[in-house]
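Working notes, beginning with the structure itself.
Letters A, B, ... mirror the listed sequences (proteins, then strands); counts begin at 1. All values derive from a computational prediction rather than experimental measurement.
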Amino acid sequence: MSSGVPAWAPAVASPHADDGDVDLVARVVRLAASPWPHPDRVRRLLAARIDHGLDTGGPAVVSALEGAVRRAGAVAAPASVESMATRLAQERARVLVVGAEGYPSRLASAWPDLGAPLWLFLRDDAAGQGPPDAPTVAVVGTRHPSADGLRTAGELAALLARSGVVVVSGLARGIDQAAHEGALRAGGLTAAVLGTGLGVDYPAGDHGLRARVARSAGLLTEYVPGVAPRGHNFLWRNRIISGLADATVVVEGRARSGALQTARMAASQGREVLAVPGSVNQPTARGPLDLIRDGVQPLTRLADVLEVLRLDSGDFRARPAAEDATGVHADLLRLLGPVPASPAELSAASGQPIQLVLAALAELRARGRVTATPRGFVAATTIGRSRPG
Amino acid sequence: MVGRAATIAVVGLDPVPVTVEAHVGPGLPAFSVIGSSGPAARQSADRVRTALGTVGVTLPNRKVLVSLAPADVPKAGARFDLAMAGAVLNELGVLGPELDRCALLGELALDGAVRAVPGVLPAAASLTGSGRRLIVPDRNATEAGLVDDVDVVPVADLGEVVAVLRGDRPARAVPPEEGPLPGIPGPDLADVRGQAEARRALEIAAAGGHHLLLLGPPGCGKSMLARRLPGILPPLDRVQALELAAIRSVAGLTVEAGSLDRTPPLRAPHHSMSAASLLGGGSGVARPGELSLAHRGCLFLDELFEWPRGLLEALREPLEDGVVRVARSRATVTYPARVQVVAAANPCPCGGGDRCACSDDAIWGYRARLSGPLADRLDLAPSVTPLSAAELLAAEDGASSAAVAVRVAAARAMAAARWNGRVATNAEAGAAWLRRSTRPAALAALAGAVEAGALTGRGFDRALRVARTCADLEGAELVEPHHAYEALAHRMQLRACAGAAVGAAAGSGLV
């Protein structure tokens, strides 16, 4: 047990933490400064305690860990503890521990045996409290989405945000980033669970999205600051994403993708899972279609997810139809959908000569109504894309 | 006393007059050639000496010295044999002053027969209006006869040369140039089913001389389409056909038929070929490569992504200049290389087709492997799609090559009237001239694409040229916005709208 609370401890604890919580946070920082309590080892120790019917409350597990670290001779030197505290302060991180004030309540219900981590590092540049105790939905999917997948993720996140739902995802390229962007654009709250430590520029080139999410509902991770990206860490991270959310929506993903793993985690944690049905011709629709085949509820309209959460869908507004287009343009907007179509197909289907179809496609693209993909043209997303020209 | 005979060397495509001097005097028996280089001189000496025996001239106990002047012009091959024999015969008094009015070209066989040599056409062209007769091997006679106003004398062997020049026998006439060959018709566009987009792009490419990239999975008909381009291009005019014939002549492809070939060429080099065989090369003086053999026609680059990057980069300058300069040890030569590139490539890393599971960003990344500057030069990039069995049966026959050629010819005529002889095709037209015949709204459409990152500055001018061709095909005086948009549409498979998440997500990351 520790004696006396160090001076740095209140700064890294939750704003509303009491003295006991601050002491617990200080002990966790000492543990985290040692290389021994890697999340994998913490999970094994916890599993052993569950098997033996021992106390699995947060403080008890922290004590058990301290004992294990002492036995391993890996107690962190005071200098390492100081530098860990300094690093956490630099990253403006707060430490959330199971059983102490600030640990997300929905995630706490997945403790001890449904994958919640013993502690989390939070960076929340706004209030310092992390995701609020509001309805929360995880929107996840592939890093290599189709244009339609990006559109769905962005519009779904925007709808959720407008309805007061917190959107959680993993900040990965593709669907994850589209979901964060959609929620931010609609003025809502979004949180990201990282597979790296805080202070790591990953994924690079996100146009400041990470900073904007940090100012929204915050960045969360179970890894200490500076831990580099490792494939294995990202898979484990997914159980935190599903654990934070009331429902998980899989937008796009191939068979055996990380998004499917998140869906399985959510199901095992007793949370709702929805899958966005895509075309059988779209490789990225394979994952959601497999989920639907296995009994997962399909998302037939965006508002379905609000019904699952028992929220009012009154705020949902349908995308305006192609009312302003005429002639070939209208024909094309009617024919185009989420599955890419070639100009030759569109020409045959509309009965218009190929040169008119090509010119109309380019003009519609310039107006942001159509997106060019390598396989052909799809109807454009209306959210998450700026209009050229 | 020195015997003389005139002949013509060809350096690259440039003819250079060469005088052969011969001196026969007492001394140790020898036949030396100076003013030439390499083993070719030694071999010429032996051939000429033996061939002279067939017309009864033996040179026992005589020292023969043959000089090719000027000495610093690169000379290679056996084309000077006949002139050497002529100079020796002149020195010995067998042939007299009538030789002064002649130039001789040809390789001698040991039995005195005269064999064909490359580069006769440019040599003959240099004699136009000079009043000189050109004595050439039988098999080169048609080729030399393509040049106007040159008296060509075909000969079968050295004996005939002596007989004709001494007046013992009349010179034979060159077989007259036949009209365009009825020949074998080329492959026809009517054979191609479906592929509306690629057909339209092919028609625009033909009408404006634009470069074209066909994107499609294996077996969907990319080569089939490419090979139909020459059939819809207008036939070469006489000047162009002669340029091409001269290049073929220098490359050693003699003109066999009794007619000037007016069909635009299509050359399809393989991606494993060397830079020398593509651009021109060889020791001493470079010979024309596939690029120049495709002059005034099409260069078909199949499997574009398989081509070494260096080779594609090397193509950029010739494509811009219309000529290729090749430096070798003995001379730097320039060959014309005004070609239209037709390239073909798989649409994605796995080859494409029904089973393709490549992600969109993997495909954009694959296509980005075309270096930016070369991609900018490919004005049209239609996708060629595989047809299902049902479509193969159901699709109507498309327009025939003849029908498309009529539209192409009309568009070209309109362009020719506008450019008034300054340039031949829209692809070569200056941007400033183009803007004068473009509506501001059409320019704004293209400028919007530049702003959105879909076009580069160079791409802007090139898209404007394609738009001009679309307008010409429609018979429109001014380039309207829909022409500009069509031009943009034809290269949208090459560059995604920059800034969209699909295009940006090219890096490799974890979950």
Side-chain angles (χ1 to χ4, degrees), chain A residues 142-147 150 170 172-174 177-178 181 195 202-205 207 229-231 233-235 237-238 254 257-259 261 283-284 286 340 342-345 347-348 353-366 371-377 384-389, chain B residues 194-201 204 215 347-348 352 354 356-364 366-367 382-385 395 444-445 447-449 451-454 470 473-474 480-490 492-493 495-502 504-505 507-511:
Chain A
T142 176
R143 283 177 296 137
H144 305 286
S146 70
L150 289 172
R173 294 177 198 277
Q177 293 190 351
E181 288 282 8
Y202 184 88
H207 307 291
R230 301 273 295 274
N233 292 355
F234 287 89
L235 286 177
R237 171 277 308 259
N238 291 345
R254 284 152 202 275
S257 65
Q261 204 239 7
T284 50
R286 193 72 265 147
S342 75
E345 285 170 329
S347 169
I354 185 75
Q355 57 266 42
L356 290 187
V357 169
L358 285 164
L361 282 170
E363 192 174 347
L364 286 170
R365 195 185 80 157
T371 303
T373 80
R375 290 188 177 79
F377 294 86
R385 186 181 304 272
S386 59
R387 287 181 170 205
Chain B
Q195 312 296 8
E197 186 189 359
R199 277 169 166 279
R200 172 71 182 171
I204 295 172
L215 283 168
C348 81
D354 294 341
C356 169
C358 301
S359 68
D360 284 1
D361 47 358
I363 300 178
W364 287 131
Y366 169 80
R367 292 187 190 167
S383 52
V384 185
T385 43
E451 212 168 294
C470 294
L473 279 168
E474 204 183 277
E480 305 286 343
H482 69 274
H483 301 130
Y485 281 122
E486 186 184 351
L488 288 173
H490 278 295
M492 277 196 281
Q493 287 297 298
R495 284 175 66 114
C497 36
V502 230
S508 68
L510 297 159
V511 177

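Residue B/Cys470: no heavy atom, backbone or side chain, is found under 4.5 Å from chain A. Of the atoms belonging to A/Arg254, it is side-chain heavy atoms, and not backbone ones, that fall under 4.5 Å from chain B. Using a 4.5 Å cut-off between heavy atoms, A/Thr284 does not touch chain B at all.
Contact record, A/Pro374 with B/Ile363: CB-CG2, 3.3 Å, taken as the closest heavy-atom pair. Across all non-hydrogen atoms, the minimal contact from B/Leu488 to B/Ala449 is CD2-CB, 3.6 Å.
Distance check: A/Gln261 CD to A/Arg237 CZ gives 9.5 Å after rounding to the nearest 0.5 Å.
Highest contact tally toward chain A, considering only B/Pro382, B/Cys358, B/Pro347, B/Pro481, is held by B/Cys358 [criterion: heavy-atom pairs under 4.5 Å].
Remark: the B/Glu486 side chain and the B/His490 side chain contain an N/O donor-acceptor pair separated by less than 3.5 Å.
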